[in-house]
Amino acid sequence: MHTIAIGCDPNAQEAKEKLMDFLKKKGYEITDFGSEDPIYANTAIAVAEAVAAGKYDRGILLCGTGLGVSIAANKVKGAYAALLSDVYSAKRARLSNDANIACFGAFTIGNKLMEELALAFLENEFVPGCASQEKVDRFVAYDQARN
């Protein structure tokens, strides 16, 4: 079972709490990075750094649209955040792209869909040597080479 770092801005507090409760009932170990900071980039960067450093298996970030936290998280070397709004993309984020952070919009999707997306993201794994390996290798190499 994966360890999950989760955080959000104040706008997504309620959605984050509901998602955390759902995931805990499913057996996931959750660490809450908070929701008090109105500068969502601070929380997104903290979660992304923890995931990129290997302290957590996956990260989940929420804000009103999910856009801001996904942009902020993707600035961290080793963080690969995907903004998710449909189940197929949630699966492919893992299977084809080896994303390690899921981002959700608290104002754009409902709680039940968010639960489905989180499970699709958490229950799928990237398969080394798959058809997407060369593509993932390319963006990881570029990411690791930048200052």
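Just so it is clear, the model here is predicted, and its values are computed rather than measured.
Atoms CG and OG, from L95 and S89 in turn, are 11.5 Å apart once rounded to the nearest 0.5 Å. Rounded to the nearest 0.5 angstrom, N97 CG and K135 NZ are separated by 8.5 Å. Taken to the nearest 0.5 Å, the CG atom of L83 stands 9.0 Å off from the CD1 atom of I71. Interatomic distance, F104 CZ to M114 CE, rounded to the nearest 0.5 Å: 6.5 Å. For the atom pair CZ (R58) and CG (L122), the distance works out to 7.0 Å, reported to the nearest 0.5 Å. We find the CG-CD1 distance between N74 and I45 to be 11.0 Å, quoted to the nearest 0.5 Å.
In this structure, the side chains of Y142 and R138 come closer than 4.5 Å at one or more pairs of heavy atoms. A 4.5 Å side-chain heavy-atom check between I6 and T31 finds every atom pair outside the cut-off. Side-chain contact check for T65 versus F107: every heavy-atom pair is 4.5 Å or farther apart. Side chains of I30 and T3 form no contact here, defined as non-hydrogen atoms less than 4.5 Å apart. At a threshold of 4.5 Å between non-hydrogen side-chain atoms, the residues V87 and L117 count as touching. Taking 4.5 Å as the limit, some side-chain heavy atom of L23 sits within range of a side-chain heavy atom of I60. V47 places none of its side-chain heavy atoms less than 4.5 Å from the side chain of Y56.
Under the 4.5 Å side-chain heavy-atom criterion for Ile, Leu, Val, Met, Phe, Trp and Tyr, F22 and F33 are members of distinct hydrophobic clusters. Hydrophobic clustering (ILVMFWY, side-chain heavy atoms < 4.5 Å, transitive): L62 and I4 are in one cluster. V76 and V51 fall into different hydrophobic clusters, where Ile, Leu, Val, Met, Phe, Trp and Tyr side chains are chained together by heavy-atom contacts under 4.5 Å. Residues I39 and V69 are members of separate hydrophobic clusters, defined by side-chain heavy-atom contacts under 4.5 angstrom among Ile, Leu, Val, Met, Phe, Trp and Tyr.
Within a 6.0 Å sphere centred on CD of E125, other residues, nucleotides and ligands contribute more than 12 heavy atoms. Remark: K26 NZ is loosely packed, at most 12 non-hydrogen atoms of other residues, nucleotides or ligands lying under 6.0 Å away.
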Worked verdict on Q133 versus D137 for side chain to side chain donor-acceptor pair (under 3.5 Å): CA-CA 6 Å; Q133 184 71 59; D137 288 347; 2.7 Å; yes
Derivation and outcome, side-chain contact (heavy atoms from CB on, under 4.5 Å), residues D143 and Y80: CA-CA 10 Å; D143 180 41; Y80 306 106; 2.5 Å; yes
Test side-chain contact (heavy atoms from CB on, under 4.5 Å) applied to I101 and L61, step by step: CA-CA 7 Å; I101 300 171; L61 291 165; 3.9 Å; yes
Check against side chain to side chain donor-acceptor pair (under 3.5 Å), N11 and Y40: CA-CA 10 Å; N11 292 320; Y40 58 74; over 6 Å; no
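T108 places a side-chain N or O within 3.5 Å of a backbone atom of G105 that can act as its donor or acceptor partner. A donor-acceptor pair under 3.5 Å is absent between the side-chain atoms of K91 and the main chain of F121, judged by distance alone. Between the side chain of N100 and the backbone N or O of G78 there is at least one donor-acceptor pair closer than 3.5 Å. Proximity of a side-chain donor or acceptor of T43 to a complementary backbone N or O of G7 within less than 3.5 Å is not detected. Side chain of R94 to main chain of N124: a donor-acceptor pair is present (N/O by atom type, distance under 3.5 Å, no hydrogens or angles). Panel note: side chain S70, backbone L67; a donor-acceptor pair is recorded below 3.5 Å.
Checked for salt-bridge contact, K25 and D21 miss the test: no charged N lies under 4.0 Å from a carboxylate O. The pair E14-K18 counts as a salt bridge, with a side-chain nitrogen and a carboxylate oxygen less than 4.0 angstrom apart.
Ring-plane geometry between H2 and Y28 is classed as parallel, the angle between the planes falling under 30 degrees on a 0 to 90 degree scale with a further cut at 60.
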